[in-house]
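Some notes on the structure that comes next.
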Number of protein chains: 2
Amino acid sequence: MAARRRIDTMEENRTKLLAAGRKAFAAEGFASASMDELTASVGLTRGALYHNFGDKKGLLAAVVAQVDGEMAERARAASAGAGDAWEQLLAEGEAYIAMALDPEVRRIVLLDGPAFLGDPSHWPSQNACLQATIEAVENLVADGVMRNVDIEAAARLLCGAALNAALWVAASDDPQAILPRAAEAFRLMAGGFRPTPH
Amino acid sequence: MAARRRIDTMEENRTKLLAAGRKAFAAEGFASASMDELTASVGLTRGALYHNFGDKKGLLAAVVAQVDGEMAERARAASAGAGDAWEQLLAEGEAYIAMALDPEVRRIVLLDGPAFLGDPSHWPSQNACLQATIEAVENLVADGVMRNVDIEAAARLLCGAALNAALWVAASDDPQAILPRAAEAFRLMAGGFRPTPH
DNA sequence: TGAATTGACATACGGTACGTATGTCACCAT
DNA sequence: ATGGTGACATACGTACCGTATGTCAATTCA
């Protein structure tokens, strides 16, 4: 059997640690996750962790970037399936709401991420969700589908509303029942950005 | 000089610890705040802390409740000064946005609170801000100033939008410049809940 | 009034976790 | 083949939390 190349095993170990971090952070939260247990669970030691990610927060940052990227991907997929441009924006927002049902997203990206890494705007991952919304709003304003509103401000409010509603849905006793109520209110409120029929 | 009564010194120590916790959590964040330093800074030891608040999170919960209460107070004051009922709701929202400029509010209530104490809906303080908004929306819907929308959902979205916009404002390089943009977009979006003229 | 008791807080201790400094061994270049 | 590099393991120091135990002043009661 051919000797495994050095670079390959390193990439493999990085991936293993990332996956373990994702699982541990989602299950126990960043603060309670033990790096000893985490690394041991994939047959490594803390040495590998500190070599690959610098420190505990470095691993969190990497996990956040990964999950954040997947969220943007999901949002794109959701908007692609919708009808006109306005419906696509709404679909994107509703997709965010639905995403927060995912414990990984909620715990890692929405709670521990901001608390331990600081404001999402300054993340290297640039908060992919927000970026996508900004682009969408940009186009909608250009096409006259939305009023001539401050692009970033509108995107921020839409994302914030969606994500906060999502936290509500996720923390409730019966998420499935709450979800449509949140989605409906979101559609309504977002309508505030549409031009008045005059 | 009359001997200090036991109950008095205890109340005083509780207050001192609360104030110290508030300062330390705001400055360093919950995770990094050392209970040894914190208690020493007010001339006590960890013994006093654990006797009064149970554990570190107990102190955080107490601090959160205090700040949360003050936020509700500020919101009430803001809405009281506004014109009609609709303007009062908007004023409340804008007050939340302004509040998140306060480092204590941002760090303690918006970031560390949810991360370490769980969803604000389940806090003993009941998330006073949200409660106030719910009541406001309730009245507005009853009076026909707002459409017949799901009360809690609408309140959640309004609060979420405002608070998230606030995080943006606070994290930006020039908060004073961003604030009006956020406030304006908020007014616009909230308008989505108003009845359509016709 | 003085002894007993309570309880608010201090002190001492154990356990755990992080980050770093150092060691080691496989892999790569020359 | 040999020396070097670097990915990772090991060992250590430090910090911190939570608890168990001690202590002394304030209160209570005879």
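Residue numbering restarts at 1 for every chain, and letters A, B, ... go by the order of the sequence lines.
- Of the possible polar contacts, none joining the A:Tyr96 side chain to the A:Ala166 backbone as a donor-acceptor pair under 3.5 Å is found.
- Between the P atom of C:dA8 and the CD atom of B:Glu11 lies a distance of 12 Å, rounded to the nearest Å.
- In the region residues 15-34 of chain A, proximity to DNA chain C at under 4.0 angstrom, judged on heavy atoms, holds for A:Ala33, A:Ser34.
- Residues A:Trp168 and A:Leu163 are not in side-chain contact: their nearest non-hydrogen atoms beyond the backbone lie 4.5 Å or more apart.
- Spacing between atom CG of B:Asn13 and atom C1' of C:dA10 amounts to 12 Å, rounded to whole angstrom units.
- Protein atom CD of B:Glu12 is 15 Å distant from nucleotide atom P of C:dA8, rounded to whole Å.
- Remark: A:Lys57 fails to qualify as a cation-pi partner of A:Phe116 under the 6.0 Å distance and 45° angle criteria applied to the six-membered ring.
- Comparing the helix axis at one end of the helix from C:dT1-D:dA30 to C:dT30-D:dA1 with that at the other, each defined from 5 consecutive pairs, gives an inter-axis angle of 0° (nearest 10°).
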Quick one: do B:Phe53 and B:Leu60 satisfy side chain to side chain contact (heavy atoms under 4.5 Å, CB included)? Show the steps, please. CA-CA 9 Å; B:Phe53 297 96; B:Leu60 175 62; over 6 Å; no

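- Under the 3.5 Å distance criterion, the side-chain polar atoms of B:Lys56 are matched with a main-chain donor or acceptor of B:Phe30.
- Using a 4.0 Å cut-off on heavy atoms, the residues of residues 46-60 of chain A that approach DNA chain D are A:Arg46, A:Gly47, A:Ala48, A:His51, A:Asn52, listed by number.
- The distance between atom CE of A:Met35 and atom C1' of C:dG19, rounded to the nearest whole Å, is 12 Å.
- Connection of B:Ile134 to B:Leu89 is established within a shared hydrophobic cluster, with ILVMFWY side chains joined at heavy-atom distances below 4.5 Å, either directly or through further cluster members.
- Distance CE (A:Met10) to P (C:dC28): 14 Å, rounded to an integer number of Å.
- In summary, the aromatic rings of A:Phe193 and B:Phe186 are positioned with their centroids too far apart to meet the 6.0 Å limit.
- A pairwise comparison of heavy atoms in A:Gly29 and A:Arg107 identifies CA-NE, 3.8 Å as the closest pair.
- Residue B:Arg14 contributes atom CZ, which lies 17 Å from atom P of C:dG7 at whole-angstrom precision.
- Panel note: side chain A:Asn164, backbone B:Leu157; no donor-acceptor pair is recorded below 3.5 Å.
- Under a 3.5 Å cut-off, the side chain of A:Asp143 and the backbone N or O of A:Val145 do not form any donor-acceptor pair.
- Distance CG (A:Leu44) to P (D:dT10): 11 Å, rounded to an integer number of Å.
- Residues B:Trp86 and B:Arg194 form a side-chain contact, since some pair of their non-hydrogen atoms from C-beta on lies under 4.5 Å apart.
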